[in-house]
Amino acid sequence: MNEQKKPQQIGGTHVYNPFQKARLNAGLSQEQAAEKLSCATRTLQRYEAGETRPDYPMLRGMIDCYKCEAADLFPDLALLDEETGGDAE
């Protein structure tokens with residue numbers, strides 16, 4: 001019988017969440033990211049579970065730490081911008 005291997009995840013199970021996806025793309029565990037962002041691991045878990053939203057300074061920190069764009073953390077806004085041709089006000 002041919003068993004399929006489950007992909008390894010680095011903490012959490014909310015891969016549909018853009019915060020977790022960006023962290024995983026950066027190759028960081030929740031513990032590593034929390035240390036770099038100077039916050040509790042539980043805080044990141046809450047963001048990734050959709051329980052709370054990060055404030056602006058935390059978002060800037062995530063963008064820098066994960067080496068991503070704001071659109072990576074908010075894909076719905078990026079889609080809106082594409083649909084409006086970048087003229088969303």
Side-chain angles (χ1 to χ4, degrees):
M1 217 182 272
N2 192 6
E3 287 187 36
Q4 295 210 0
K5 282 189 168 185
K6 194 174 186 180
Q8 181 183 6
Q9 291 193 11
I10 305 173
T13 58
H14 307 281
V15 292
Y16 58 87
N17 184 289
F19 299 119
Q20 183 181 30
K21 185 175 179 181
R23 177 180 56 77
L24 292 173
N25 286 342
L28 298 171
S29 68
Q30 286 179 331
E31 292 78 12
Q32 292 167 324
E35 185 175 330
K36 288 178 180 269
L37 294 167
S38 301
C39 71
T41 302
R42 183 65 185 125
T43 300
L44 284 183
Q45 291 170 344
R46 287 185 179 113
Y47 297 152
E48 293 180 5
E51 295 172 18
T52 59
R53 288 285 204 173
D55 60 14
Y56 182 76
M58 178 59 73
L59 288 172
R60 290 296 324 155
M62 288 177 160
I63 290 167
D64 293 340
C65 180
Y66 301 158
K67 296 179 181 21
C68 67
E69 301 290 329
D72 297 324
L73 300 178
F74 295 99
D76 293 340
L77 293 180
L79 290 175
L80 178 63
D81 193 43
E82 287 176 12
E83 290 174 4
T84 61
D87 292 335
E89 293 182 23

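Every heavy atom of this structure was used, including side-chain atoms; hydrogens, water molecules and symmetry mates were not.
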Inset, instruction - May I ask you to check whether over 12 heavy atoms, not counting those of Arg53, lie within 6.0 Å of atom CZ? - result: no
Inset, instruction - Please test Glu48 against Gln30 for side-chain contact (heavy atoms from CB on, under 4.5 Å), starting from the C-alpha separation and ending with a verdict. - result: CA-CA 10 Å; Glu48 293 180 5; Gln30 286 179 331; 2.8 Å; yes
Inset, instruction - Answer yes or no: is there a side-chain heavy-atom contact under 4.5 Å between Tyr47 and Asn17? - result: no
Legend entry - Side-chain donor or acceptor of Asp72 paired with backbone N/O of Glu69 under 3.5 Å: yes
Legend entry - Test item: Leu44 and Met62 side chains (from C-beta on) under 4.5 Å apart, heavy atoms: yes
Inset, instruction - May I have the step-by-step check of side-chain contact (heavy atoms from CB on, under 4.5 Å) for Thr41 and Ser29, ending in yes or no? - result: CA-CA 10 Å; Thr41 302; Ser29 68; over 6 Å; no
Inset, instruction - With the side chain counted from C-beta on, respond yes when Tyr66 and Asn25 share a heavy-atom pair under 4.5 Å apart, and no when they do not. - result: no
Legend entry - Under the side-chain contact (heavy atoms from CB on, under 4.5 Å) test, residues paired with Glu35 that sit two or more places apart: none
Inset, instruction - Output yes when Glu31 and Lys36 qualify as a salt bridge under the 4.0 Å nitrogen-oxygen rule, no when they do not. - result: no
Inset, instruction - Quick one: pull up OG in Ser38 and CE in Met58 and give me the separation to the nearest 0.5 Å. - result: 8.0 Å
Inset, instruction - Please report the shortest heavy-atom distance between Ile63 and Cys68, naming the atom on each side. - result: CG2-O, 3.0 Å
Inset, instruction - State, yes or no, whether a side-chain contact exists between Leu28 and Cys65 at a heavy-atom distance under 4.5 Å. - result: yes
